[in-house]
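Here is how names work: the chains are called A, B, and so on, in the same order as the sequence lines, proteins then strands, and each is numbered from 1. Just so you know, these numbers come straight off a predicted model, no measurement behind them.
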There are 2 protein chains.
Amino acid sequence: MGPMGDMTEPRWLDDEEQRTWRAYLHATTLLEDHLDRQLQRDAGMPHIYYGLLVQLSQAPRRRLRMTELAKSAKITRSRLSHAIARLEKSGWVVRENCPSDKRGQFARLTDEGMDVLRRTAPGHVAAVRQALFDRLAPEQVEQLGAIMRVMAEGLEPADPDADLPWLR
Amino acid sequence: MGPMGDMTEPRWLDDEEQRTWRAYLHATTLLEDHLDRQLQRDAGMPHIYYGLLVQLSQAPRRRLRMTELAKSAKITRSRLSHAIARLEKSGWVVRENCPSDKRGQFARLTDEGMDVLRRTAPGHVAAVRQALFDRLAPEQVEQLGAIMRVMAEGLEPADPDADLPWLR
DNA sequence: GACTCGTTCTTGAAAGTTGAACTACATACG
DNA sequence: CGTATGTAGTTCAACTTTCAAGAACGAGTC
């Protein structure tokens with residue numbers, strides 16, 4: 001990015017870009033709200049908490065280290081601590097000590113947690129389908145995937161050394 | 001949606017859909033986080049608050065009724081009340097009584113608020129550009145717009161009578 | 001061992017969000 | 001009018017997220 005105090009006129013969005021950007025903001029907030037409400041109603045937790053349970057359900061022995069879980073859910077460790085505390089109160093997750101690193105903690109999905117997931121996953125998939133995949137043409141699904149992957153590339157939390165190639 | 005207790009196996013996402021859905025979740029959360037941090041750093045407020053100022057800046061006399069603003073920002077009136085209270089403390093917005101409806105309130109963008117917007121808009125546009133438009137091919141911008149419009153259609157808060165056509 | 005430094009995870013307080021209850025005013029209808 | 005019902009906005013309590021410490025351990029160095 002340019003130096004501070006850069007006085008050059010910024011490149012504003014053109015018409016097509018504006019329309020797309022507005023549509024993006026509109027659609028993504030509507031979908032996030034929709035899924036949040038759907039899951040709050042049917043599973044008693046917000047979308048992000050549900051995502052945590054899903055991650056755990058797919059992990060070996062249904063458990064993950066806190067830091068790994070935080071990374072894959074793209075939230076801070078602090079936020080995760082609070083979230084896991086809440087999920088633990090609900091009985092869907094338990095914490096377990098890590099024998100090889102006494103600082104470490106695992107979050108493990110309980111059987112109750114797995115049950116909640118089994119009960120609510122169909123409704124959640126249905127909601128996603130209904131909002132997205134049942135409304136898009138197959139090409140559009142591919143296009144969306146490609147676009148999202150491009151976006152993610154540009155935003156990926158940088159490898160600490162990635163911007164220091166001259167040091168290698 | 002089907003009746004409760006529906007025992008039929010739900011249609012899960014196929015491979016392509018899974019990949020796209022994951023990419024969508026990944027990319028949208030990364031972008032939202034990125035913009036939130038960028039605006040928190042450069043403008044001292046989260047993305048949604050910035051959006052409120054933008055809406056106001058484009059409205060006639062730089063003011064809108066609370067309910068209208070809430071609708072166009074797609075947030076609850078409750079959330080808006082808190083947000084405007086906060087923006088009022090920062091001096092960027094003021095509340096004004098509505099003469100024609102004594103229940104009503106306008107939120108009006110102050111000159112200070114307008115200044116913040118002028119100062120920070122270039123950086124924000126640059127961030128959006130860098131994350132999105134500078135990385136997408138022109139066709140992809142169009143595709144993204146089309147896809148987001150389809151999504152929004154399916155999620156649009158329903159007109160109360162929209163699903164009761166037989167009553168007209 | 002003792003020192004330093006980095007990592008893991010938690011904590012507490014402040015800020016933000018939600019959904020329901022509530023106040024005040026508007027509108028419709030008899 | 002008067003009463004009922006709806007709408008605009010705020011407020012409260014419960015919950016979630018953020019930010020800035022902080023406690024506990026690991027790893028390297030002397």
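A:Ile75 places none of its side-chain heavy atoms less than 4.5 Å from the side chain of B:Thr29. Contact of the B:Glu142 side chain with the B:Ile147 side chain is not registered, since no non-hydrogen atoms from C-beta on lie closer than 4.5 Å.
Here A:Phe106 lies out of heavy-atom contact (under 4.0 Å) with every strand. A:Leu80 comes within 4.0 angstrom of nothing in the nucleic acid, heavy atoms only.
Phosphate contact (OP1/OP2 of D:dT17, side-chain N/O of A:Tyr49, threshold under 4.0 Å): present. Under 4.0 angstrom from either OP1 or OP2 of C:dG19 there lies at least one side-chain N or O belonging to A:Arg37. Considering only side-chain N and O atoms, B:Arg86 lies under 4.0 angstrom from the phosphate OP1 or OP2 of C:dG16. At D:dT10, none of the side-chain N or O atoms of B:Arg79 fall inside 4.0 Å of OP1 or OP2 (strictly under the cut-off).
Rounded to whole Å, the distance from CD1 on B:Ile75 to C1' on C:dG16 is 11 Å. In this structure, A:Arg95 atom CZ and C:dT10 atom C1' are separated by 8 Å, rounded to whole Å. Atoms CG (A:Asn97) and C1' (C:dT8) sit 12 Å apart, rounded to a whole Å. Following rounding to the nearest Å, B:Met45 (CE) and C:dA14 (C1') show an atom-to-atom distance of 19 Å. C:dT10 atom P lies 13 Å from atom CG of A:Leu87, rounded to whole Å. If you take CZ of A:Arg41 and P of C:dA20, they are 13 Å apart, rounded to a whole angstrom. Atoms CD (B:Gln40) and P (D:dA20) sit 10 Å apart, rounded to a whole Å. Atom CD1 in B:Ile84 sits about 16 Å away from atom P in D:dA8, given to the nearest Å.
The cluster map of Ile, Leu, Val, Met, Phe, Trp and Tyr, joined by side-chain heavy atoms under 4.5 Å apart, puts A:Leu39 and B:Met151 in different clusters. There is a path of hydrophobic side-chain contacts, each under 4.5 Å, that joins B:Met114 to B:Ile84. Hydrophobic clustering places A:Leu136 together with A:Leu35 (ILVMFWY residues linked when any side-chain heavy atoms are closer than 4.5 Å, directly or through intermediates).
Using cut-offs of 30° and 60° on the angle between ring planes, the pair A:His47 and A:Tyr50 is tilted.
Checking B:Asp101 against A:Asp36, the closest nucleotide of DNA chain C that is more toward the 5' end is the one next to A:Asp36. Nearer the 5' end of DNA chain D, as judged by each residue's closest nucleotide, is the contact made by B:Gly104, out of B:Gly104 and A:Thr76. In terms of position along DNA chain C, the nucleotide closest to A:Arg103 lies nearer the 5' end than the nucleotide closest to the other residue of the pair A:Arg103 and B:Pro99.
Counted by atom type alone, A:His26 and B:Glu156 present one or more donor-acceptor pairs between their side chains at under 3.5 Å. No hydrogens or angles considered: a donor-acceptor pair under 3.5 Å links the side chains of A:Asp42 and A:Gln38.
Taking the side chain of B:Ser78 as heavy atoms from C-beta on, and the options C:dT8, D:dT17, D:dC12, the nearest nucleotide is D:dC12.
Contact annotation: side chain of A:His82 to base of C:dG12, donor-acceptor pair present below 3.5 Å.
Taken residue by residue, residues 55-74 of chain A places heavy atoms nearer than 4.0 Å to DNA chain C at A:Arg65, A:Met66, A:Thr67.
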